[in-house]
Protein chains: 4
Amino acid sequence: MKHTDVETLFADNIKTTDLSEKQQKVLQASLTLFAQKGYENTSTLDIAHLAGVSEGTVFKHFKTKDGLLQAILNPFMHDIFPRVAGEFIDALHESIFDSFESFIRYVVKDRMTYAMDNRQEMKIFIQEMVKNPAIMTTLTNRLSKLIQGGVDTLFHEYKEKGELVDWDSMRIIRMASGVIVGYLIPNVIMSETPLDIDKTTDEVCEFLLDGLKPRD
Amino acid sequence: MKHTDVETLFADNIKTTDLSEKQQKVLQASLTLFAQKGYENTSTLDIAHLAGVSEGTVFKHFKTKDGLLQAILNPFMHDIFPRVAGEFIDALHESIFDSFESFIRYVVKDRMTYAMDNRQEMKIFIQEMVKNPAIMTTLTNRLSKLIQGGVDTLFHEYKEKGELVDWDSMRIIRMASGVIVGYLIPNVIMSETPLDIDKTTDEVCEFLLDGLKPRD
Amino acid sequence: MKHTDVETLFADNIKTTDLSEKQQKVLQASLTLFAQKGYENTSTLDIAHLAGVSEGTVFKHFKTKDGLLQAILNPFMHDIFPRVAGEFIDALHESIFDSFESFIRYVVKDRMTYAMDNRQEMKIFIQEMVKNPAIMTTLTNRLSKLIQGGVDTLFHEYKEKGELVDWDSMRIIRMASGVIVGYLIPNVIMSETPLDIDKTTDEVCEFLLDGLKPRD
Amino acid sequence: MKHTDVETLFADNIKTTDLSEKQQKVLQASLTLFAQKGYENTSTLDIAHLAGVSEGTVFKHFKTKDGLLQAILNPFMHDIFPRVAGEFIDALHESIFDSFESFIRYVVKDRMTYAMDNRQEMKIFIQEMVKNPAIMTTLTNRLSKLIQGGVDTLFHEYKEKGELVDWDSMRIIRMASGVIVGYLIPNVIMSETPLDIDKTTDEVCEFLLDGLKPRD
DNA sequence: AATGAATGAGCATTCATTCAT
DNA sequence: CATGAATGAATGCTCATTCAT
């Protein structure tokens with residue numbers, strides 16, 4: 001029930017476009033600095049220094065500073081997010097969750113682990129979303145359609161079995177993701193706190209399960 | 001059951017420090033632009049233009065660009081947030097909520113209204129939090145202490161009456177605010193959507209009430 | 001054998017142009033700050049603050065910042081310097097110096113005292129001279145003519161009496177003032193050192209007297 | 001009896017730090033303009049224009065405007081002044097001056113030539129000294145120690161031979177440099193006058209020799 | 001006369017980007 | 001491919017000066 005690691009996909013992505021060793025260093029430095037100080041407060045010279053390359057090298061492959069940002073975010077937007085989402089849904093259908101509880105427990109833990117494993121990228125993503133709401137709109141639409149399509153039939157089963165409240169799937173997802181997001185964001189941003197994923201999962205699930213229990 | 005409007009408090013604050021008409025325009029323009037384009041992407045010339053003043057005027061009172069940011073955020077951090085929280089708690093004790101449901105409904109609606117009424121300030125706040133996690137840590141601590149102190153006894157009543165699950169107050173608050181925040185943030189950031197507060201309140205409350213119902 | 005004090009002349013000058021109390025404070029503050037930090041590094045706001053007046057007041061009487069500088073330097077250039085020089089020469093003729101030695105001793109002490117009593121003004125003067133050589137040229141010409149005219153006959157006497165070398169008067173003056181100036185400038189600029197005038201006078205005179213003794 | 005030319009040392013210094021052609025132009029332009037109009041009255045745009053480079057280039061190597069000033073003055077303070085002083089003293093000991101007169105004549109001419117050859121740098125130095133007396137204090141201490149150490153024994157010889165007054169070496173140096181400085185400064189500052197070094201040397205020396213002759 | 005808010009030109013400095021080597 | 005010197009537009013900020021009150 002393991003999903004392809006984001007780092008692996010990311011590395012794949014890099015190899016695909018045939019990135020030289022120095023260019024990889026540049027990308028890595030950008031990732032670190034954008035997450036640490038924000039996009040606008042990171043100069044291309046900062047990146048060059050941290051990557052141990054010259055100023056010109058920063059632009060050789062990625063053309064512009066924005067190109068560097070896109071090189072970090074695009075895989076998330078157009079490739080990794082959907083792919084992970086797809087794999088996630090596939091996993092849902094392949095595995096037989098004996099109950100809605102085991103399902104929700106898997107989902108929560110999986111997404112939390114994912115987010116915490118990729119804090120830096122997430123942080124940059126959040127920063128960009130806040131500045132550019134269009135990203136959020138796009139992403140919300142993309143993901144919700146994808147998830148809804150894959151989850152609808154599954155939810156139907158659980159509703160029939162009397163384990164899930166008979167709400168619109170989107171409403172359920174919005175609620176669930178609201179709880180998860182509200183819980184996660186502070187931990188992503190305040191990266192000092194490590195977060196006990198198992199304990200948090202327990203807490204969140206106990207709450208979610210009752211909130212999403214069928215009404216009497 | 002009305003709470004002092006933030007705009008009123010803000011205006012008070014401005015009058016207190018005796019801000020000239022032009023300086024108010026400067027502050028207003030900063031608010032608008034910081035929220036729209038982000039702090040770093042707003043130049044002091046942009047602010048001057050929108051405020052209809054000269055660039056020198058921008059610096060006359062607020063000294064630096066950061067001073068302008070603080071003039072916007074400080075009232076939230078040090079004055080308005082706590083005051084609103086205080087008033088909110090007072091309101092809780094003065095009013096007799098006949099049930100946990102009417103209580104939770106008031107809270108959710110009140111906080112949502114507050115947030116939506118001050119979208120711009122919230123947006124800037126969120127941006128700064130993402131960049132500077134220390135703000136979040138401070139704020140979280142300040143508010144949670146304040147709220148917990150005021151809410152603990154109230155929760156005790158509801159727990160006794162069997163209307164509220166017997167969890168630690170902090171856990172309940174974290175859950176509830178997680179749902180509200182997870183719901184609100186997208187709407188604050190994507191400010192085009194107006195958001196139907198009554199409908200959203202209903203949705204959120206229905207979910208929360210079951211999630212926080214005592215366990216059988 | 002006392003010469004009119006510069007401060008008195010300065011005060012006279014101020015009263016003549018009918019300067020209000022605040023304007024005098026402005027002038028005094030300018031004097032202090034120009035001497036301390038230099039003309040260009042002193043802002044009109046600095047002056048206003050030190051004088052305890054508003055920004056506008058600084059310009060009310062003196063029109064421009066340069067006007068303030070001129071108000072400080074002009075009395076030296078066009079009034080005080082020549083007047084002092086005149087008085088000095090008058091004093092020379094009135095008093096009967098029994099020897100060239102008593103004459104030179106008087107001159108050296110008198111000029112040194114004058115310079116040290118007006119360090120601030122001197123310092124500003126020096127700064128302006130360095131930046132604007134024209135001032136120096138003008139001043140040099142003005143003073144040398146004045147002094148030469150008044151001193152020539154006197155020198156003639158001493159030369160006849162065999163107490164002074166038979167050089168051109170200008171050459172003598174240039175030498176003497178060279179020694180004095182070379183000795184004074186460091187002390188004017190490094191205003192922390194108080195300088196023992198009597199001892200310095202002795203040293204300088206002993207040296208000067210032999211340097212200006214008639215050749216065998 | 002030739003001392004290493006300052007320009008050569010300066011050029012060495014530049015080559016050592018590997019300054020590009022444009023950067024040398026920047027330095028040269030700064031030298032010219034600082035001397036001409038003073039540090040504060042020279043804008044970095046002025047420098048860029050005179051150097052024929054862009055404004056960014058001015059900051060590429062020297063980082064700040066002050067860095068440019070230091071790049072001009074530091075060689076004088078920390079390198080060239082002491083080195084020249086050292087070479088000067090070496091020269092004194094190597095060469096055998098048959099008399100105090102030939103010695104003093106060499107010194108006066110040498111120092112005058114040096115000063116007039118480096119008028120621009122000297123002028124900037126003087127400006128900075130006037131503004132920042134600490135520089136003068138430091139320099140005075142550094143040089144006097146250096147010179148005294150090297151000159152003491154030499155003076156002893158001349159005193160024994162009855163060619164030099166029996167004063168403390170420092171007093172002699174202060175007097176002599178006072179005359180030279182008093183003579184030079186006007187000529188350094190009013191750079192239009194070319195100054196006849198040979199004639200001036202004669203005048204100064206004649207005066208100095210008698211002033212420093214042993215007392216009867 | 002005095003005030004201080006307002007002005008706008010000017011300044012040092014930064015930084016993404018280009019290009020010759 | 002990599003380098004780093006050069007670029008020039010943009011930026012935050014200062015400051016002498018004006019003017020309505």
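Letters A, B, ... are given to chains in the order of the sequence lines, protein chains preceding strands, and every chain is numbered from 1. Every value quoted in this text rests on a predicted model; they were computed, and no experiment measured them.
Remark on DNA chain E: of its neighbouring residues F59(D) and Y39(A), the 5'-side contact belongs to F59(D), judged by nearest-heavy-atom nucleotide. Taking for each of K65(B) and G56(C) the nucleotide of DNA chain F with the nearest heavy atom, the 5'-most of the two is the partner of K65(B). The residue among K60(A) and Q23(C) whose nearest nucleotide of DNA chain E lies closer to the 5′ end is Q23(C). Between E40(C) and T57(D), the residue anchored closer to the 5' end of DNA chain F is T57(D), taking for each the nucleotide with the nearest heavy atom.
Applying a 4.0 Å cut-off to non-hydrogen atoms, the residues of residues 42-54 of chain C that approach DNA chain E are V53(C), S54(C), listed by residue number.
The shortest distance between the side-chain N/O atoms of K63(B) and the OP1/OP2 oxygens of dG12(F) is not below 4.0 Å.
Between the CG atom of N41(B) and the C1' atom of dG12(F) there is a distance of 15 Å, rounded to whole Å. Protein atom CG of L68(B) is 16 Å distant from nucleotide atom P of dT11(F), rounded to whole Å. As a whole-Å value, the separation of L33(B) CG from dG12(F) P is 12 Å.
With sequence neighbours excluded, the residues satisfying side chain to side chain donor-acceptor pair (under 3.5 Å) with E55(A) are K60(D). By the side chain to side chain donor-acceptor pair (under 3.5 Å) test, Q23(A) is found to be paired with no residue, residues two or more places apart in sequence or in another chain being considered. With sequence neighbours excluded, the residues that form a side-chain contact (heavy atoms from CB on, under 4.5 Å) with A48(C) are V53(C), V58(C). Every side chain to side chain donor-acceptor pair (under 3.5 Å) that K37(A) has, sequence neighbours left out, goes to D46(A). Residues passing the side chain to side chain donor-acceptor pair (under 3.5 Å) test with K131(D) are E40(D), E128(D), sequence neighbours excluded. Partners of T138(D) under the side-chain contact (heavy atoms from CB on, under 4.5 Å) rule, at least two apart in sequence or in another chain, are M77(D), R142(D).
Taking the side chain as every heavy atom from C-beta outward, K22(B) and V26(B) never approach each other to under 4.5 Å.
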Original post:
Please, what dot-bracket string fits DNA chain F when only Watson-Crick and G-U pairs with both distances under 3.5 Å count, crossing ones use [ ] and pairs to another strand use |?
Top reply: .||||||||||||||||||||
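To the nearest 0.5 Å, atoms CD1 (I189(C)) and OG1 (T137(D)) are separated by 10.0 Å. Rounded to the nearest 0.5 Å, atoms CD1 (I126(D)) and CD (E121(D)) are 11.5 Å apart. Atoms OG1 and CZ, from T44(D) and F62(D) in turn, are 13.5 Å apart once rounded to the nearest 0.5 Å.
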List the atom pairs, with distances to 0.1 Å, where a side-chain N or O of residues 65-73 of chain A and a protein N or O form a donor-acceptor pair under 3.5 Å, not counting sequence neighbours.
unit_1 : atom_1 : unit_2 : atom_2 : d
K65(A) : NZ     : Y39(A) : O      : 2.9
K65(A) : NZ     : T42(A) : O      : 2.8

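When distances are taken from the side chain of E55(D) to each of dG12(F), dA2(F), dA10(F), the shortest belongs to dA10(F).
Using a 4.0 Å heavy-atom distance criterion, S20(B) is classed as a sugar-phosphate-only contact.
Contact footprint of chain D on DNA chain E: nucleotides with an atom under 4.0 Å from a non-hydrogen protein atom, first to last in 5' to 3' order, dC11(E) to dT14(E).
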